[in-house]
Each structure stands twice: as structure tokens, then as C-alpha cells.
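Report on one structure; see the data block that follows.
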Amino acid sequence: ENHLPSMGDKAKTPQQGAPPDGSKQGWLLKWTNYVRGFRERWFVLERGVLSYYRTKEEMQHTCRGTLVLKDAKIEAETGNNFIVYAGGSRRGDGQFFQLRAHTERERQEWITAMELAKQHSVLRSAAPARQKHTPSHAPSTSEPPQPALPANVADDSESDEDADVDVDPSSGGTVLRLKIEDVQRLHQQMAESLDTILTRLDEPKLAPFAAELKKDFLELKADITALLGASNEVVAEAATQNVEMSKAFRVKDSRRKELERSLRTLACDHERLENIATRAQKKGALLSAEEMEVKSDDEEFFDAEESEAAAAAAAAPESEEVSVSARDNEPSVPPTPAVDKQIAVPPPSATDLAKPFARRSRVPYRPNVKLSLWTVLKNSIGKDLSKIPMPVHFNEPLSFTQRLAEDIEYPALLDQAAKSTDPIERMAFVTAFTVSSYASVTLRIYKPFNPLLAETFELDRTEDLGFKAILEQVSHHPPICSLHAEGRGWVFDQEFAMNSKFRGNEMEIIPTGINHVTFTDNSDHYTWTKVPTTIHNIIVGKLWADQHGTMAITNHTTGDVCTLKYTPYSFFTSAEAHKVSGVVKDKADRIRANIEGTWDTAVFVVNPATNERRQLWQREMPPADAEKMYGFTRLAMTLNELSPKDKGCAPTDSRLRPDKNIMEEGDFDRANRVKEQLEEAQRARRKQMEKAGKHWEPVWFEKTTDPMHPEREIHVYKGGYWEAKAAGQWPAVLPSIYDVCLD
């Protein structure tokens with residue numbers, strides 16, 4: 001039966017049977033800035049252009065940002081994150097969207113859609129220009145002129161929270177042209193539909209009312225043509241306004257840079273006046289004109305670490321130091337060569353070892369040293385937050401090698417595990433040991449010093465605690481610290497490496513190294529990886545740390561597994577803070593025990609059959625005034641002292657590191673100067689090795705395949721440290737990492 005074709009039917013025709021073009025819409029999390037972090041946005045992928053809006057309703061009037069996918073590069077990251085770079089450029093060189101999907105499947109769907117849209121964009125650009133077809137029987141229609149668009153048009157930029165990454169002045173013109181093509185395509189489809197209808201009206205059976213219908217349809221066609229012309233004028237006007245907005249943005253950016261320069265000058269002047277006032281106060285008199293000449297750039301602080309991983313982790317309990325970029329013109333510091341023969345360090349004498357020694361239970365109070373914010377601000381204006389140099393004022397007087405040794409603060413838990421013949425009980429004690437390593441975090445708001453490459457630390461507590469440990473900084477890029485400890489029937493090995501994520505006011509530290517515990521009685525072998533630690537209030541507020549995530553402790557010998565969950569603290573729930581809970585399952589997947597408690601107080605094991613509850617671990621509380629002593633635990637307070645047994649330690653031992661020892665004495669300014677000398681000497685040694693084509697090899701550890709995870713490599717202790725100490729002869733390859741001028 002003949003019928004009049006509808007314009008809706010005709011409009012749908014070109015879509016039927018066409019291959020998918022990657023079009024997609026939905027919610028994604030988008031990185032905005034360091035204060036607000038990720039925020040949910042409505043994303044639209046259409047015709048090779050990725051656009052986003054704050055809400056779905058904004059699609060009708062306000063686009064917050066766009067990115068053309070034709071030459072884009074799409075990269076998947078850890079978790080559900082992925083990044084889209086404009087023009088295939090790397091982050092920092094051009095426009096990019098840093099995104100996060102809610103699930104792994106959703107991320108993959110978006111990446112697939114974008115790759116498909118990218119392919120179609122390439123095919124469209126390679127195809128010849130679209131030919132406009134008009135039926136021979138239809139009356140000719142003059143096309144309205146296409147507006148001339150400026151070559152460089154910016155799309156609508158988002159408010160301040162996204163303005164730093166979203167605006168791409170070169171992409172707006174392309175988007176506007178695509179919109180015009182859409183309007184023209186719809187006009188062509190409607191015109192063809194009307195022409196078809198007009199042709200059908202010439203059929204004899206429609207003759208009685210054909211004249212009137214033709215008149216109406218011709219008027220409709222004229223209206224549609226006029227509408228297209230008006231649309232083109234609106235788009236052209238919008239393009240012109242966008243050009244003006246781009247100019248305004250450039251003016252705003254120029255003013256911002258001018259303000260930064262003014263602020264830098266103000267900071268330098270303020271610091272100079274502070275220095276003058278301090279010197280005058282010390283002399284008790286006015287300074288002469290010559291004495292008032294103070295350089296404005298005489299205080300710069302650089303850390304040994306230069307990786308991105310430690311950005312803003314000023315209080316991270318197990319984080320790396322805030323990274324900095326090496327200076328463009330580093331001072332020429334002669335490298336310290338290793339001596340040709342063994343380094344003789346007399347071991348402790350029998351007389352010294354026989355003397356009674358009382359370990360200290362206190363350290364000097366942290367002095368009330370005020371760090372001028374202007375000093376840091378002067379060196380930070382216009383820099384990436386991860387590149388801000390930090391002075392020792394944000395440190396505690398311990399190296400990270402010493403901080404990592406605190407993981408063995410409760411060796412009695414492993415002693416108990418070694419004595420147990422019940423595999424479930426042994427698993428419970430090992431689990432309690434993994435939890436106890438976080439107990440020292442609660443009061444620690446300062447960060448440890450970054451270890452220098454080849455820095456070591458020995459902790460021999462055989463007499464009182466029954467274990468001894470050796471640690472070494474085995475790699476500088478990436479930073480890796482290895483630990484080997486031997487106790488009463490157990491061996492503990494740890495390789496600490498990490499990734500980090502900086503999200504505005506918080507820093508997430510994600511350990512990647514594997515921990516191993518083996519027992520000598522039956523070769524039980526346990527492994528686990530630490531859960532992430534989040535440091536809150538990095539920029540604003542009081543610093544505090546929390547653990548979160550799930551840890552799996554596996555006995556590779558018996559097949560037993562403990563799955564332990566660290567519940568993050570939330571202000572919106574009444575749940576217990578620092579809570580840990582888990583289950584121990586045997587090889588047959590049967591629940592054999594429950595674990596519960598808190599990582600900063602105590603851990604219990606519960607028999608699921610009888611509900612009998614037994615305490616495995618209780619935290620030893622620090623002194624009441626511990627916060628004045630950097631929040632140190634009782635073990636931490638002993639790590640810098642040189643007992644008679646420690647006096648024969650390696651010349652690379654952290655106890656001998658001068659900058660942190662000077663800081664512990666309270667002289668922060670001198671500690672900063674010595675710290676900079678140590679790091680300059682390290683950079684010089686590294687350059688000398690690179691020039692000679694050499695690669696640093698650890699002295700006490702060697703890289704090998706992880707026995708429980710063959711796909712990974714790990715540094716394991718190769719022996720020889722305690723033998724060298726007993727002989728008083730250290731290998732000649734040990735660099736003199738502390739050989740600096742102590743002014």
C-alpha cells in the first residue's frame with residue numbers, strides 16, 4: 001500500500017546498517033586540580049570528539065571542554081584510570097583528560113569506544129569531500145552560505161577547577177565545523193524527504209488536494225532553508241565570541257604570570273628583611289649598610305630523591321622524600337672514590353662489650369624552629385608541587401633505613417610463631433606481626449630522611465630482643481630499600497618499593513615490595529604485600545595517616561591464607577577507627593580462625609567454633625610527651641645511639657649520617673647545609689659512574705628471582721656483613737657517602 005514517507009523514517013535511513021562509530025555517553029570521574037581531585041562529569045563521545053559537562057542537563061547550553069580524538073593517544077593506568085592526550089603528546093606538553101571509570105569493564109568500554117571513534121575520524125578525513133546530491137526531479141535549492149570560522153577557536157572552558165587542563169584553543173574550530181556539518185546534513189535529509197513527498201503528490205489519486213499540499217510543503221522547505229541560514233549565523237557569532245574569549249584568557253594568563261613575578265619579588269624582599277632583623281637581634285645593634293646586603297637566593301633546599309613518587313608526602317610514615325629536579329647548573333663537586341684496600345674499622349673490644357649499657361629512653365625535644373613560609377614560597381612559585389624542594393624542618397632525625405627497621409619492633413610475635421606447631425596458630429601470629437608494623441604511625445607527622453645510595457643500617461638486638469637485621473638502600477631510581485633479619489627460629493626479608501598518588505589534600509602510598517618470613521623448623525614460607533597508606537591534610541589541616549585495603553598473607557607450604565581487611569576511617573560512620581578484620585582459611589577453603597582488632601592498639605584471634613577470643617598483640621604505648629620528640633616509639637629513640645656493639649658498624653651506617661644527627665641536636669640551619677652537601681656529592685658520584693658507563697651494584701644484597709613469585713625480581717641478602725664487622729674489614733667498594741665538610 002502506498003503511503004506518505006515520514007521525515008522521521010527518512011532521517012533514520014542513513015544510520016541503518018552503518019558500522020558503529022564509537023558514539024557513547026556516560027558518567028566518568030575527571031581529574032580537576034590538586035585541591036578538588038577527581039570529580040564526576042557527564043562525557044559525550046560523538047563524531048570523533050570527546051566532550052564533557054558538569055551535568056547531563058548542561059548538554060543543552062554549556063560544554064566544559066572538548067578533545068579531538070583523531071590524533072589522540074589513549075593510555076590505561078593502574079586501577080580504573082586512563083588518560084587521553086591531545087595530538088598524541090605526553091602530559092605536560094599539551095591538552096589531556098585524566099579520567100577514572102567506576103569499574104574495570106566500564107573503563108575498557110570507554111577505551112574501546114574512543115579507539116573506534118579515532119579510527120572513524122581518520123577514515124572521514126581521508127575520504128573525499130561529501131558530495132551533495134539533489135534529485136533531478138526536485139527543484140533546485142540554493143544552499144545558504146557556510147559561515148567562515150576563525151582558524152583558532154576555543155571551546156567553553158570550565159570554571160577555575162578545570163581551567164588548568166581543559167582549554168585547547170586549537171580544538172574549538174574543529175568542533176564548530178562538525179556541528180555545522182551536522183546541521184547541513186539534517187537539512188539535506190529533510191530537503192530530500194520533502195522532494196520525495198512533492199514527487200508523490202503528482203500521482204493521479206492525490207490530484208484533488210495536491211496543489212494545496214504542494215504549497216504547504218514548499219513553504220515548509222523554505223522555512224527549513226531559512227532555519228539553516230539562521231543557524232549558521234548563530235554558529236558564526238558564537239565562533240567570533242569564542243575568539244574574543246580566547247584573547248581574554250591570554251590576557252588573564254599574562255596577568256597571572258606578572259602577579260607571580262611580583263609575588264616572587266615580594267617573597268624575596270620579605271625574606272631579606274627577616275634575615276636582617278634576625279641578625280640585628282643577635283648583634284643587639286643596628287646593622288651597617290654593608291651588612292644589610294643579603295642575597296635573596298641563598299637558601300635552596302634539595303633532597304636526595306628526584307622521583308615523582310614522593311610529591312607532598314611530608315608526613316608519610318613510609319614514603320619517599322619530596323622529589324626535586326636537579327639544578328641546571330650543579331656545582332662541581334669532586335666524587336669520592338673508593339679506597340684501593342679494605343676499610344679498616346676496629347670491631348668493638350671485649351672490654352667495651354662487657355661494660356653495662358643503658359639504652360636511652362628519650363631524645364631531645366624538637367626545638368620550636370619556625371620555618372618562614374616565604375622561604376619555601378620563593379622557591380616554589382610556578383613549579384609543579386612534586387618539584388618543591390623541602391628543608392629538614394619537615395623531617396624527623398631518622399633515615400628511612402632506620403624507619404623501615406621499626407617494622408621489627410615486635411619480634412616476639414615471630415618468636416611465638418616459631419614455637420607453635422599448629423599451622424593456624426602460626427598463621428595468626430604472623431598476621432599479628434604484619435599488623436604491628438603500622439603501630440608507630442599514629443603520632444609520626446614528620447618524614448624520615450631519604451637514604452643515600454649504598455646507605456646501610458644495622459640493628460643488632462640479639463641480647464635483649466633476640467634478632468639482628470641489616471638494611472641497605474639498593475637502588476636510587478627507583479628508590480628501593482632491602483631488609484634482612486634473623487631471629488629465634490625465623491628469617492624476615494623485605495624489599496620496600498612504592499608508588500604514590502597525590503590527590504589534592506591527601507597522598508596515597510602504595511607499597512609494591514613483597515615481604516617474606518620463613519621458619520627454620522619446617523620451612524614454612526609466608527609472603528604478603530603491605531596495604532596502601534593515605535596521608536590526609538597534606539596542604540590544609542592537621543596531618544594524620546590511615547591504612548586501607550586488603551592484605552593476603554599466604555603460607556606457600558601449607559596453602560593456608562589469611563585475608564585481612566584494613567577499614568579506612570570515615571567521618572560519616574560510627575565504625576571503630578583503625579579497624580582490622582579477617583579470616584584464616586586452610587587449603588580446603590574452610591574458615592579456621594577469625595582475626596579482629598585495630599592496627600594501632602591490639603589484635604585478637606577468635607575460634608569460630610567456640611567464639612573463644614585470645615589476644616595476640618598489644619601495642620607498647622610511647623611516653624606521654626612523645627609528640628614533642630617527633631612522635632617516636634621507644635625503639636625509635638634508640639636507633640641513632642651508638643652502643644658499644646654498634647661502634648664497629650659499617651662506615652655507611654645511618655647512625656653516622658651527619659645531617660640528621662645535627663638536626664637531632666637542634667641546629668636545623670646547619671643540618672640543611674650539610675644535607676645539601678651530601679646530596680651534591682651523591683649527584684657527582686652518579687654522574688661519574690654514568691660517564692664511565694658503570695652501574696651501581698648493591699654491596700650486601702643481590703637481585704634474583706623471587707622464589708614464590710617467579711615473574712618478579714627481588715633483592716636478597718647475599719651474606720658477609722656480620723663477618724666483615726667481626727673482622728673489622730669492610731669492602732673497598734663502599735663509597736664514602738658521608739665525607740663532607742662539616743662547617
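Since the structure is predicted, the reported quantities are computational estimates derived from the model, not experimental observations.
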N-O pairing of [X] and [Y] below 4.0 Å:
| X | Y | result |
| --- | --- | --- |
| Glu396 | Arg366 | no |
| Asp407 | Lys530 | yes |
| Glu425 | Arg614 | yes |

Looking at [X] and [Y], would you say the former's side chain and the latter's main chain have a donor-acceptor pair under 3.5 Å?
| X | Y | result |
| --- | --- | --- |
| Arg426 | Lys419 | no |
| Asn672 | Val392 | yes |
| Asn661 | Arg657 | yes |
| Ser475 | Pro478 | yes |
| Asp600 | Thr442 | no |

Exercise. Can you check whether Phe492 and His516 have ring centres sitting under 6.0 Å from each other?
Worked result: no
Exercise. What about Tyr721 and Trp700, are their ring centers closer than 6.0 Å?
Worked result: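 Yes - the distance between ring centres of Tyr721 and Trp700 falls below the 6.0 Å cut-off.
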Problem set entry | With sequence neighbours excluded, residues passing ring pair (Phe, Tyr, Trp, His ring centres under 6.0 Å) with His484 | Tyr717
For this session: First locate atom CG of Asp646, then atom CG of Asn640, and finally report the distance between them rounded to the nearest 0.5 Å.
Result: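 So the gap between those two atoms works out to 11.0 Å.
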Problem set entry | Distance, nearest 0.5 Å, that separates CD of Glu458 from CZ of Arg461 | 12.0 Å
Problem set entry | Minimal non-hydrogen separation, Ala497 against Ile480, with atom names |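 Ala497 and Ile480 have their closest heavy atoms at CB-CG1, 4.1 Å.
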For this session: With sequence neighbours excluded, give me every salt bridge (charged side-chain N to carboxylate O under 4.0 Å, His left out) pair touching residues 627-644.
Result: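 Passing the test, one end in residues 627-644: Arg359-Glu641, Glu620-Arg634.
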